[in-house]
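What's counted below: heavy atoms across the whole structure, side chains too, no hydrogens, waters or symmetry copies. Protein chains get the first letters and strands the later ones, always in sequence-line order, with residue 1 at the start of each.
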Number of protein chains: 2
Amino acid sequence: MRELISNIRLQVHQKTFVKDPETSELGKNLIRESILLIDEIGFENFTFKKLGERIKSNESSVYRYFENKHKLLLYLASWYWSYLEYRLVFATNNIEDPCVRLKIAIGIVTEKVLDDTDTAHINEAILSRIIIAEFSKVMHTKEVDQENKEGFFLIYKRLNARIVSIIKEINPNYPFAESLVSTVISGALHQHFLSEHLESLSSIDSGKSVSEFYTHLITNTIQN
Amino acid sequence: MRELISNIRLQVHQKTFVKDPETSELGKNLIRESILLIDEIGFENFTFKKLGERIKSNESSVYRYFENKHKLLLYLASWYWSYLEYRLVFATNNIEDPCVRLKIAIGIVTEKVLDDTDTAHINEAILSRIIIAEFSKVMHTKEVDQENKEGFFLIYKRLNARIVSIIKEINPNYPFAESLVSTVISGALHQHFLSEHLESLSSIDSGKSVSEFYTHLITNTIQN
DNA sequence: ACAAATCGATAGTAACACTATTAATTTTGC
DNA sequence: GCAAAATTAATAGTGTTACTATCGATTTGT
């Protein structure tokens, strides 16, 4: 796993960036520090000026890589879902039983993400904290339909579709597979958020994990 | 229902406003037009200056009612959840069977909201569109813990708790009641959003409703 | 009738979200 | 090895946002 990922460039939608940050040291630096800075101060308080200072460069250099901070967040989200998709495909490869594949898939999209030490400039654990806190803002804009048309959400949709197809293999008659999967994927982010900030809205604690909750939920739902 | 609501002032957290908008014509105007304006241009593009012009007043007058636009959104959200809670309490009153109560409750928090013609200055249908599009932004800020401590989310938490207690009546051994309810309430908003903007992630269409999906989901989940 | 509250209008500030220009440095293509 | 091309850092500038402060004019309460 570790070695594989370090040799494979995860696919991110071209239109999210002006210049590919993977092609230069400054670009990788920018990605690494933007993840740390957004995590520290939150997306609302994050600006390209602050990021420029942080990487000991300046605002105008950041603008050469990304149009604006929304596109940067789109890039980070796109990378994150691509990373999960890769792990899902890898972990379910060659497993015949769709019920086993489903359980593995649920685990990957609902468990807390740990840092994968091989992608040097991206701390996956911190990136997942950003996704938990900020991903909803990627979609909830007035430009969502336009951006959807341009394909910005393809990777996210493909990840959803993969799990939908496993469910349809198990029970082709269950009529809400798409809604169930999108509920689980975005719900899992939300449960991690609630267990940290609004505990009374969540049953998750040291004894009960997000994965257990959703595994139980899906298993019981699709059998009928 | 209609007559009752028009005589009862829904409780909204005091700290969300500087001056209660319900106490003046300008205030009610401000609420009515802010709902329409946020719906039209989105919360990111919404400013107090634009709102001031729209109500033929000005920026500084709006600031006399709300500290900033985040607090205004908090007020609208607080009002919305209070409205749903009221409808839920009213609709489940005097019904003994908890399974029936649960089904009614699920319907109220997952169905599309129609305009209640009695609150003259608030269009509930449009307000619910705003909540679907923007509610996640109310919570996903760096100030969430502070605001939670100050009680800004009490109404939302109380609504969740009401449904949790119905589930615990039906099955006291189900270990994930809080997570299930918060998944359903925020998931329902998300499903409405997806069915409008990212259809492939949702199973909802003219033949299948959000309520049916969640009723099926909850029923099957809590029985085991 | 008088005081207090409310409102509309204007002005001002710091930060944000960019765009444009330029000069220095680095990379590359031959 | 060198000229051309690309990249970068730095500066300046513009319009907008998110406020704060002040000040008369009007309305309201007693």
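- Across all strands shown, B:Lys69 has heavy atoms under 4.0 Å from sugar-phosphate atoms exclusively, and none from any base.
- Side-chain N/O atoms of B:Tyr65 include one lying less than 4.0 angstrom from OP1 or OP2 on C:dC7.
- Each of D:dT11, D:dA21, C:dC7 was ranked by its minimum atom distance to the side chain of B:Ser60; first place goes to D:dA21.
- In terms of phosphate contacts, B:Ser61 brings no side-chain nitrogen or oxygen within less than 4.0 Å of OP1 or OP2 of C:dC7.
- Note on A:Tyr63: every side-chain N or O is 4.0 Å or more away from OP1 and OP2 of C:dA20.
- Rounded to an integer number of Å, the gap from B:Leu72 CG to D:dC19 C1' is 15 Å.
- Residue B:Lys49 is out of contact with every strand shown, counting any heavy-atom pair closer than 4.0 Å.
- No donor-acceptor pair under 3.5 Å is formed between the side chain of A:Lys19 and the backbone N or O of A:Gly27.
- D:dA10 atom P lies 11 Å from atom CD1 of A:Ile55, rounded to whole Å.
- Electrostatic pairing of B:Glu40 and B:Lys50 does not count as a salt bridge here, judged by no charged N lying under 4.0 Å from a carboxylate O.
- Donor-acceptor pairing under 3.5 Å, judged by distance alone, is present between the side chain of A:Glu59 and the base of C:dC18.
- Atom CG in B:Asn29 sits about 15 Å away from atom C1' in C:dT6, given to the nearest Å.
- Distances were taken from every side-chain heavy atom of B:Ser24 (C-beta onward) to each of C:dC7, D:dT7, D:dT17; the shortest belongs to C:dC7.
- Using modelled atom types and a 3.5 Å distance limit, the side chains of A:Asn29 and A:Lys56 yield no donor-acceptor pair.
- Taking the six-membered ring where the residue is Trp, A:Tyr75 and A:Phe17 present perpendicular rings, their angle passing 60° and hence far from 30°.
- Residue contacts for A:Phe66: at a heavy-atom cut-off of 4.0 Å it reaches no nucleic acid atom on any strand shown.
- Atom CG in A:Leu51 sits roughly 14 Å away from atom P in C:dC18 (whole-Å rounding).
- You won't find any donor-acceptor pair under 3.5 Å spanning the side chain of B:Thr47 and the base of D:dA18, going by distance alone.
- Rounded to a whole Å, the CD atom of B:Glu25 is 15 Å from the P atom of D:dT27.
- Contact annotation: B:Ser57 does not reach the phosphate of C:dC7 (side-chain N/O to OP1 or OP2, under 4.0 Å).
- Remark: the backbone N or O of B:Leu201 is paired with a side-chain donor or acceptor of A:Ser182 at under 3.5 angstrom.
- Here B:Lys56 does not reach the OP1 or OP2 of C:dG8: none of its side-chain N or O atoms lies under 4.0 Å away.
- B:Phe48 comes within contact range of no nucleotide atom at all, as no heavy-atom separation falls under 4.0 Å.
- Place A:Arg64 and A:Asn45 on DNA chain C by their nearest nucleotides, and A:Asn45 ends up nearer the 5' end.
- A donor-acceptor contact under 3.5 Å is not formed by the side chain of B:Asn68 with the base of D:dA18.
- Between the NZ atom of B:Lys50 and the C1' atom of D:dC19 there is a distance of 16 Å, given to the nearest Å.
- What separates CG of B:Asn58 from P of D:dT20 is a distance of 15 Å, to the nearest Å.
- Of the possible donor and acceptor atoms, one in the side chain of A:Lys69 sits under 3.5 Å from a partner among the backbone N and O of A:Phe46.
- Distance from the side chain of B:Leu26 is smallest for C:dC7 among the nucleotides D:dC19, C:dA17, C:dC7.
- B:Lys71 places its NZ atom 15 Å from the P atom of D:dA18, with the value rounded to the nearest Å.
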